[in-house]
Structures are given as C-alpha cells and as structure tokens.
Amino acid sequence: MESDFIPYNPSIIEPKWQKKWEQSRIYEIDFKDKKKEKFFSLTMFPYPSGDLHIGHWYAFTPADAYSRYMRMRGFNVLHTQGFDAFGLPAENAAISRNINPMKWTFENIDNMRSQFLLMGNSYDWNRELVTCEPKYYKWNQFFFLKMLEKGIAYRKNGAVWWDPVDQTTLANEQVVDGKSERSGAEVIRKMMPQWYLKITDYAEELLNMDDLGWPEKIKHMQKNWIGKSEGTTVEFTIEKSNETISTFTTRVDTIFGVTFLVLAPEHPLVDLVTTEEFRPKIEKYVKNAAKSSEIERTSTEREKTGEFTGQYVKNPMNGDKVPIFVGDYVLNTYGTGAVMGVPAHDQRDFEFARKYKLNIKFVISKDNDPKEVLNKAYIGKGTLVNSDQFDGLENRVAMDRITEFMERKKVGVKTTTYHLRDWLISRQRYWGTPIPVLYDKEDNIHPVPLGELPVVLPEAKEFKPTGQSPLTLDDSFLWYEHPELGKLRRETDTMDTFVDSSWYHLRFASDPDGINPFSDKEIREWLPVHQYTGGAEHAVMHLLYARFFNKVLRDLGFINFDEPYQNLFNQGVLLKEHQKISKRANPLAPDPLVKEYGADAVRLYLMFLGPWDQGGDWSDDAFNGITRWLNRIWELCVRDSSKLKKSVDDDPNLERLINYTTKKIHRDLDKFKFNTSISALMELSNEMNKYWDNNIGEKQWKKCIKILIVLLSPMAPHISEELWEINGYRFSVHQESFPGWEESLIKSETKTIIVQINGKMRAQFSIEGDTSEEKIISEALNLKKVKENIGTQEVKRSIYVQDKLINFVL
RNA sequence: GCCGAGGUGGCGGAAUGGCAGACGCGCUGGUCUCAAACACCAGUGGGGAAACCCGUGCGAGUUCGACUCUCGCCCUCGGCACCA
C-alpha cells in the first residue's frame with residue numbers, strides 16, 4: 001500500500017528550525033516595543049565545565065518552556081544565558097594538563113554554546129555574557145572601588161578559614177560542616193590580612209524577606225544563616241584589676257545564677273587572667289584546643305571540658321566571686337568569645353558545673369519555690385528568686401528591667417548579635433578578578449585610579465597553589481610606577497567568583513555601552529528579575545550575596561530597587577535509578593539521547609517525570625512513553641483532514657475538552673506544573689484520536705489541531721513548529737498568542753451526579769443543566785442500586801452538592 | 001535536639017473537603033507478522049464467583065463525607081545545630 005505519510009524525524013526537523021529561528025531572530029528582545037509588559041525570566045547561569053549534562057537540561061528546559069509560555073501570553077520576555085567563567089576548575093585544568101585557563105574556558109564555552117543550541121531554548125544570544133572577560137570583570141573592580149570609598153570593602157587581619165587543598169581562604173558561607181564546600185577538604189584556621197565586604201551592615205535588612213515570592217525553605221535558610229539573636233552584653237570586672245570581661249547572654253534574667261565564667265581558648269584576655277600557679281595547665285589546654293579541628297570542637301556529642309585559670313571576676317549585680325575558666329566549647333567567633341555560666345538554667349552550663357563541681361544556683365522558679373532540686377537545667381519560663389530586688393518578677397519582664405538597670409550602672413548594654421560574618425572575598429588563586437588596589441612600602445592602601453580599569457588578569461605560566469596568588473610571580477604585574485608615590489605593589493589576590501554572579505542579572509538586562517556597567521534605562525524597565533530559577537544549593541551563598549550586592553548598589557545610587565529577584569523557584573534534583581547522576585558512576589549524557597530521540601523528547605520527559613520542584617528519577621523505560629506519544633501526536637497532526645465531513649456541527653463535548661485543557665495548562669504552567677500540563681495534552685490527544693473515527697467535522701478538527709499544537713509549543717518547540725507548517729500556518733508558532741478559554745463552554749449541559757450512601761459511592765446518573773434539587777433527590781432514590789442499599793432503613797438526611805453529588809445519611 | 005518538605009498501586013506520579021489512583025511506565029490478553037520487535041486495541045489497587053468488603057505511614061478527632069483539616073506518634077529526605 002502506497003502512503004504519503006511523512007514519519008516524525010527529529011534529527012531533520014530540529015536543526016532545520018534551530019537554524020530558522022536564528023536567522024529570523026524571533027527570540028531577540030524587541031526594545032522598541034513599549035506596549036508589552038516586560039518580563040525578565042532568568043535561570044542561574046552555568047559554570048563552563050566542558051559539557052552540558054542532563055542536570056543542566058533539567059534546570060534550563062522547563063525554564064525555557066515557561067519563558068516561551070510568558071512570551072506567548074503577550075509579555076516582552078528577556079531570557080538570557082551566559083557563563084560563570086571564573087573559578088578553580090579552569091586553573092586546576094591548567095595545573096594538571098598544562099592548558100591555558102583562558103583557552104580551556106573558551107573552548108568549553110564554545111562547546112557548551114553549541115550544546116545549548118541543541119536544546120532549542122529561546123535565548124537572546126546577543127545578551128550572552130562571560131564573566132572572565134575584562135569588559136565584564138572591569139565592573140567588579142569598579143564596584144569594589146566604590147565600596148572601598150564608602151568603607152563597605154575593607155582589609156583586615158584576622159582568623160580566616162583556609163582550604164588546604166585549594167590553598168586559599170574561604171568565606172564563612174563556603175565552609176559546610178567544617179569542610180570546604182568546593183574541595184571537601186577540612187578547613188583550618190589561619191591569621192591573614194584579607195579583603196572583606198561589610199555584609200553585616202545589611203544583616204537586619206537582609207532578614208526582611210516578607211515581600212519576596214521565594215520558597216519558604218530558602219527564606220528560612222537565609223534567616224537561619226543570618227542568625228539574629230537579641231540579648232545583653234554584661235561586663236564582669238576581673239578581681240584586683242581594672243580590666244573587664246564582656247559576655248553576651250540572651251538570658252540576662254539569670255544573672256544572679258552565674259557561678260562561673262568561660263573564655264574561649266583564643267580569647268585575648270586568657271593570658272592576662274591566668275595566674276602563675278595555673279599557667280602550665282592553661283597553656284597546655286589552649287594548645288590542645290588549637291590542635292583539635294573545628295568539627296571536633298563543635299560536635300554536640302562531645303563532653304564539655306575546661307580548665308580553671310586561678311582568677312575570679314565579680315558579678316556586677318551582687319558582687320559574687322565567680323571563677324574564670326577556659327573552655328573550648330565557647331567560640332571566639334560568636335558574641336564576645338566569653339560566656340557567663342548559669343548551670344541552673346542552661347544545660348551546657350549544667351553539665352560543665354557538674355563535671356567541675358561548681359555551684360548550681362537556682363534563680364528562675366516555675367512555682368515560686370526556691371528549694372527545687374535539679375537534675376537538669378530548668379530553661380523554661382518562671383519568676384525570679386534569689387535575685388535581690390528583681391525577685392518575683394516574671395522572667396521575660398526581668399530581662400528588660402535588669403538590662404535597663406545595667407545600662408544605668410554602665411555594666412551592661414542591650415545587644416543584638418548575628419551569626420552572619422562579613423564576606424571574605426579575597427582568594428589566593430589566579431583565575432579570578434584582580435582586586436584593584438596598590439600598596440606602598442608601609443602597606444598603605446591606594447586604590448587603582450578608576451580610569452585605569454580594568455586591571456587585566458595577565459597570562460600566567462605557573463599556577464601551582466602555593467598559598468600565594470600565582471600573580472605574585474609576575475613582576476610586570478606586581479610592580480606599579482606611581483607618578484608621586486613611586487614604586488607600588490599590586491594586590492595579587494583575586495575576588496571570590498560569587499562577586500561575578502552578584503550582579504550579572506543587571507548586565508543581562510543591559511545593552512552595555514562600555515562607559516557604564518549597565519544601562520540605567522533598561523534596568524528601570526527590566527529589573528528586578530520577575531522569575532528566577534535554579535538550584536537550592538545557593539541559598540546562603542549566591543542568593544544572599546546577590547541580595548546584599550543589590551542593596552549596596554542601591555545605596556551607592558546605581559539602582560533604585562531593594563531586591564534583585566522578585567520570585568524564585570527551585571527545581572529539585574534529578575536522579576537516575578535513585579542515585580546521583582555522575583560522569584563516571586551513573587552517567588546520563590543528553591547528547592546521544594538528543595541524537596536518537598530528539599531534543600523535544602528529552603525536554604518533555606524531563607518535564608513529565610514529576611513536579612519540577614521535587615526533582616525526580618530518570619527512567620529509560622518511562623522515557624519511551626514520551627517518544628511514543630510524540631509519534632502519536634505527529635501522526636494525529638499530519639492526518640489529511642480534507643477527508644472529513646464539511647457540514648457537521650461542532651461537538652460540544654470536544655469543545656468543552658479543548659477549553660478545559662487550555663484552562664488547565666494555563667493554571668499548571670503558572671505554577672510550573674509541567675508534568676500535569678503534559679498529562680492534560682496526552683488526554684486531549686487521546687480523545688481527539690477517538691473523535692477522528694466518530695463523525696467529526698473538518699472545521700472543528702482543524703481548530704482542535706491548531707490549539708493542540710500551540711499548547712504544546714512551549715514545551716516541545718521543534719515538533720510544534722514543523723506541525724504548524726505542515727498544517728499550513730505561517731511561521732512561527734512561537735509568535736502565536738497562547739489561546740484563552742471560554743469558561744461557559746467548560747460547563748457541560750448534562751451533569752453526572754454521584755450518589756453516596758453514608759459517604760460511600762453507590763451509584764451515578766446524569767441530569768440536565770438546571771434540574772431542581774427535589775427532582776434530583778427523587779430520581780436518585782429511584783435508582784435500583786440506591787433502593788437496594790437503603791432497603792428498609794430511613795433516610796435521616798440528604799446532602800446535595802450542586803451539580804456534583806448527593807449523599808443520603810441513614 | 002530544632003526547623004522545613006514529604007510518606008498514595010509493581011514503578012514515576014494525579015486528585016478547589018465530594019467517584020482515590022488522572023497521565024505515563026510496566027504487566028496481561030488480543031490485532032498485525034512465518035516469527036519477533038515496533039505499532040495499535042482492550043484490561044490492569046488488593047480480596048471475592050458475585051453482592052460486596054478492604055485500601056492514601058500508624059492511632060485518635062472534626063465532618064453527612066477526610067489523601068486533603070486538627071492533635072499525637074512512626075519513618076524518609078533536606079536544612080540548621082555547643083550561637084551563650
């Protein structure tokens with residue numbers, strides 16, 4: 001049998017349309033368009049590691065489908081892509097394979113760009129940005145100098161986290177469980193002068209996330225990380241000395257219960273307070289504490305230890321003599337590095353007091369009985385006892401009263417502390433933005449003049465991590481001839497690459513002129529980002545830094561909005577057979593799949609396998625289901641409808657289904673529910689197939705096919721473009737409006753009424769649109785099934801839910 | 001320990017307090033084929049011959065009616081964790 005049926009062949013149609021889209025420039029933003037509302041749809045850009053893996057597809061193709069949908073909804077959509085191109089892998093490749101990092105990076109970018117084209121995403125590539133290009137990182141330097149001017153960037157000597165594998169310092173956020181977030185190596189403490197950005201100045205503002213359309217989980221993580229804590233700083237005077245020790249407490253109401261004080265081993269006063277008699281023991285203890293890792297020291301399982309210094313302080317409230325200990329469970333990095341010990345009302349202090357046989361003084365009582373015997377700390381509410389003039393006060397009230405009292409006596413002050421530390425941005429590595437400052441012989445800081453930016457990263461020959469930036473080896477970079485100051489030394493550390501991604505969205509939204517970091521006019525129109533998507537792993541790194549950067553740029557007068565990303569959606573993690581996908585152990589490369597089944601199949605399957613935010617499990621078997629469906633869709637849409645009858649009325653049920661499906665897809669795509677959108681399209685196509693054999697008219701068929709193709713197009717852009725053409729419509733389906741729906745057509749003339757007896761479904765029947773309740777009840781009671789089930793029992797109550805259900809209660 | 005998300009067929013997953021299991025995979029049967037694969041059609045939660053009963057982690061509760069709401073518990077995953 002001869003047939004003119006053209007089979008679905010994605011390997012031909014996909015490149016065909018990719019080329020056509022590029023030539024016709026349909027995804028380029030129309031800046032002249034003033035009518036359409038602007039919509040900035042951004043996904044977190046990738047690191048150019050070499051290949052786009054399936055995880056990238058999982059992140060990028062649903063975001064593209066959403067962007068296409070919004071474009072078809074009539075928005076002027078900015079959807080861009082670029083490369084987060086600075087960072088260690090390039091440098092490590094240079095070390096291990098002797099390749100120039102620049103060359104390595106740009107080769108990867110070229111490869112990944114061509115892989116991006118295979119996805120069929122609707123990016124405006126004119127806006128591509130690559131962060132390792134001088135024209136981009138120049139502005140990192142520019143913002144840095146502006147921050148330096150305002151005191152937001154500063155250099156400080158202090159204890160820093162050091163990654164012994166990558167041989168560089170890290171920011172607090174990049175240390176997870178005492179390990180480097182990147183290398184996995186256990187970090188150590190070092191004393192070094194480093195560059196910081198004063199993110200702590202914005203701690204309070206960063207806590208306010210009420211107006212952000214972000215997942216609660218991420219907001220929570222950020223709030224947790226910022227870690228606001230309100231309390232009182234209390235000064236304890238050292239006996240026979242004028243020196244005081246500051247302690248921070250959130251429970252100043254327990255001040256009369258203080259029976260000891262603990263200093264962190266690194267506390268600067270340890271040396272001063274230690275008496276000669278106890279010095280050998282204390283020195284040994286401090287030395288040991290320095291040796292044990294942060295993981296050991298912060299383990300909750302570990303028993304608290306300490307060592308008496310031989311010295312005492314005076315409780316500022318009652319003059320009690322309080323022994324001073326050194327204990328490594330006290331962290332020098334939080335609060336003041338010293339705590340007051342109240343064993344009766346803090347479990348850690350309780351254990352410590354038990355171990356060292358210290359007094360336990362009870363000052364908060366649940367029931368006003370001061371004689372209560374304790375076998376663990378009482379940390380609940382109560383009234384004060386043993387607390388002089390504050391006795392009888394409710395403890396919450398006492399906190400304020402005692403703090404006020406202390407402030408009058410100048411022995412204490414209300415204090416807010418944060419867990420958040422300033423952002424350490426200097427790195428002792430090569431492949432990053434050079435920090436644009438100069439030092440004279442006395443180590444005074446001189447900013448590089450703005451006019452001399454960018455400070456270009458020179459080509460380097462040696463990259464071995466030595467603990468010093470490889471730039472120190474380059475004399476021509478290192479030395480700077482200043483007209484007045486003479487020979488100056490350049491800063492050789494480079495910036496944390498999270499600086500690059502802290503403002504890249506502004507650059508994407510701009511047609512840069514080279515004179516400015518971004519275009520004010522366009523920033524006003526496109527920002528803040530309306531929809532941002534990406535992984536949750538950036539919750540307290542990138543996402544926090546970018547919010548901070550935004551507020552700084554606002555305060556420097558560059559922008560006028562408070563938050564960079566108005567709405568955020570986190571996709572979940574894609575697994576394969578319940579295991580993490582990795583290049584070696586459990587590979588899943590998209591390119592062969594694209595070659596064999598087409599990009600549309602891969603896109604659709606990734607969107608179909610489950611709700612996007614929950615992640616999912618790739619299954620080769622289930623993937624077959626999508627390719628099968630695509631073939632069915634193809635076959636359905638290329639049928640010759642001229643064979644159909646010309647003069648048949650539209651079928652109202654099909655009309656209803658098409659309106660219902662359209663509505664459902666709107667609702668689902670608005671919530672990123674791609675999986676149920678695709679299900680709805682499958683139902684529609686299955687039903688349409690049945691209608692084909694059932695006397696459908698040509699006019700209605702063509703209309704349904706047209707809508708089906710348009711509804712499918714954001715998710716499967718290539719096949720829908722081809723089917724659009726085959727059905728005789730003009731290029732491009734992606735420039736069509738997304739169809740609306742008619743609510744009145746969704747409502748059916750006849751309704752199916754479910755009949756329940758005692759809440760259990762027993763029967764169902766159909767009624768016409770506006771049948772009265774009485775009639776429905778009598779009709780239901782007449783059903784054979786219903787009669788059987790009721791039997792001789794009495795119907796006590798009938799509950800009728802309009803057009804849906806009737807429940808008889810016996 | 002604290003905070004968050006979740007627990008539904010053999011599997012991935014659907015269900016504004018109203019038919020539990022949409023859609024897909026897999027499986028079973030059929031059509032096509034010399035045969036197989038593909039494709040297509042039908043069936044598919046468990047028990048039962050059937051009527052019907054049971055069934056959304058467990059236990060209570062609210063309700064005419066609960067996967068959905070409330071309380072208590074168990075488990076899984078993610079985050080935080082000596083933060084004074």
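Letters A, B, ... are given to chains in the order of the sequence lines, protein chains preceding strands, and every chain is numbered from 1.
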What is the separation between atom CG on A:Asn624 and atom P on B:C27, rounded to the nearest whole Å? 11 Å

For B:C73 and B:G24, measure between their P atoms and round to the nearest Å. 42 Å

Close N/O contacts between protein and nucleotides 47-50 of chain B (under 3.5 Å):
none

Roughly, in whole Å, what's the span from NZ in A:Lys673 to C1' in B:A14? 9 Å

For B:C23 and B:G59, measure between their C1' atoms and round to the nearest Å. 34 Å

Side-chain donor or acceptor of A:Lys663 under 3.5 Å from a matching atom on the base of B:U16? no

Plane angle bin for A:Trp612 and A:Phe672 - parallel if under 30°, tilted between 30 and 60°, otherwise perpendicular: tilted

Identify which one of A:Asp253, A:Thr415, A:Thr233, A:Thr232 satisfies the side-chain hydrogen bond (donor to acceptor under 3.5 Å, both in side chains) criterion when paired with A:Thr403. A:Thr232

Please evaluate the base of B:C25 for a donor-acceptor partner in the side chain of A:Asp621 within a cut-off of under 3.5 Å? no

For A:Leu543 and B:G79, what is the distance between atoms CG and P respectively, to the nearest whole Å? 15 Å

Atom P, compared across B:A36 and B:G29: separation rounded to whole Å: 12 Å

For nucleotides B:C67 and B:A14, find the distance between their C1' atoms and express it as a whole number of Å. 11 Å

A:Asp328 with A:Lys304: basic N within carboxylate O range, under 4.0 Å: no

Scan A:Arg762 against the nucleic acid and name what it touches under 4.0 Å (heavy atoms): base, sugar-phosphate only, or nothing. sugar-phosphate

Interface polar pairs with nucleotides 9-11 of chain B, N/O, under 3.5 angstrom:
none

Hey, what's the ring geometry for A:Phe325 with A:Phe352, parallel, tilted or perpendicular (30° and 60° as the breaks)? perpendicular

Rounded distance in Å - CD (A:Glu537) to P (B:C80): 13 Å

Using atom C1' of each nucleotide, how far apart are B:C52 and B:C2 to the nearest Å? 49 Å

Touch class at under 4.0 angstrom, heavy-atom based, for A:Lys804 against every strand present: base

Which one, B:A84, B:G18, B:C82, comes nearest to the side chain of A:Lys304? B:C82

Nucleotide nearest A:Leu331 when distance is taken to its side chain, options B:G26, B:C52, B:A84: B:A84

In this structure, how many angstroms lie between the C1' atom of B:G17 and the OH atom of A:Tyr800, rounded? 18 Å

Find the distance A:Trp692:CH2 to B:C41:C1' and express it as a whole number of Å. 19 Å

Check A:Asp668, A:Thr661, A:Thr662 against A:Lys664 for a side-chain hydrogen bond (donor to acceptor under 3.5 Å, both in side chains) and give me the one that passes. A:Asp668

Provide the distance between the two C1' atoms, one in B:G46 and one in B:U8, to the nearest whole Å. 14 Å

Between A:Arg251 and A:Gly616, which has a closest nucleotide on RNA chain B that is more 5'? A:Gly616

Whole angstroms only, please: what is the CG-P distance between A:Leu263 and B:C82? 19 Å

Partners of A:Trp629 by ring pair (Phe, Tyr, Trp, His ring centres under 6.0 Å), sequence neighbours excluded? none

Do A:Arg632 and A:Glu635 sit within salt-bridge range, that is, some charged N less than 4.0 Å from a carboxylate O? no

In plain terms, say whether A:Lys690 and A:Glu687 are close enough for a salt bridge, that is, a side-chain N and a carboxylate O under 4.0 Å apart. yes

How far does CZ of A:Arg603 sit from CG of A:Leu630, to the nearest 0.5 angstrom? 11.5 Å

Can you give the dot-bracket line for RNA chain B, where a pair is Watson-Crick or G-U wobble with both atom distances under 3.5 Å, crossing pairs use [ ], and | marks a partner on another strand? (((((((..(((.....[....)))((((((.......))))))(((....)))..(((((..]....))))))))))))....

Distance check, P atoms only: B:G10 and B:C3, in whole angstrom units. 35 Å

Considering only NZ, NE, NH1 and NH2 on the basic side and carboxylate oxygens on the acidic side, decide whether A:Asp177 and A:Lys179 come within less than 4.0 Å. no

Angle between ring planes, A:Trp618 versus A:Tyr605, binned at 30° and 60°: parallel, tilted or perpendicular? perpendicular

Could you check which of B:C3, B:G18, B:C83 has an atom nearest any side-chain atom of A:His220? B:C3

Residues which pass ring pair (Phe, Tyr, Trp, His ring centres under 6.0 Å) with A:Phe765, listed by chain and number, not counting sequence neighbours: none

Output yes when A:Glu173 and A:Arg421 qualify as a salt bridge under the 4.0 Å nitrogen-oxygen rule, no when they do not. no

Counting side-chain heavy atoms from C-beta on, which of B:A84, B:G18, B:G78 comes nearest to A:Val801? B:G18

Using a cut-off of 4.0 Å on non-hydrogen atoms, how would the nucleic acid contact of A:Lys690 be classed: base, sugar-phosphate, or nothing? nothing

Syn versus anti for B:G29, judged by chi lying within 90° of 0? anti

Protein N or O to nucleotides 19-24 of chain B N or O, pairs below 3.5 Å:
{"unit_1": "B:A22", "atom_1": "O2'", "unit_2": "A:Glu683", "atom_2": "OE1", "d": "3.1"}
{"unit_1": "B:A22", "atom_1": "O2'", "unit_2": "A:Glu683", "atom_2": "OE2", "d": "3.3"}
{"unit_1": "B:A22", "atom_1": "N1", "unit_2": "A:Ser679", "atom_2": "OG", "d": "3.4"}
{"unit_1": "B:G24", "atom_1": "OP1", "unit_2": "A:Asn686", "atom_2": "ND2", "d": "3.1"}

If we check side-chain contact (heavy atoms from CB on, under 4.5 Å) with A:Met715, which of these qualifies: A:Thr61, A:Leu681, A:Leu606? A:Leu681

Verify whether the ring centers belonging to A:His345 and A:Phe362 lie closer than 6.0 Å. yes

Is A:Asp617 touching bases, backbone alone, or none of the nucleic acid, heavy atoms closer than 4.0 Å? nothing

I want to verify a distance call: between B:G78, B:C83, B:C64, whose nearest atom is closest to the A:Val809 side chain? B:C64

Closest listed nucleotide, where the reference is the side chain of A:Thr250 and the choices are B:G26, B:G78, B:A84: B:A84

Nearest heavy-atom pair of A:Ala601 and A:Thr627: which atoms, and what distance? CB-CG2, 3.8 Å

Residue whose nearest RNA chain B nucleotide is more 5′ - A:Ser619 or A:Phe808: A:Ser619

Taking atom P in both B:C11 and B:U16, compute the distance separating them and give it to the nearest angstrom. 23 Å

Side chain of A:Pro611: nearest nucleotide among B:A84, B:G26, B:G13? B:G13

Using a heavy-atom cut-off of 4.0 Å across all strands, would you classify A:Asn689 as base, sugar-phosphate, or nothing? sugar-phosphate

B:G79 P sits how many Å from A:Leu544 CG, rounded? 17 Å

Whether A:Glu266 and A:Arg189 form a salt bridge (side-chain N of Lys/Arg under 4.0 Å from carboxylate O of Asp/Glu) is what I want to check. no

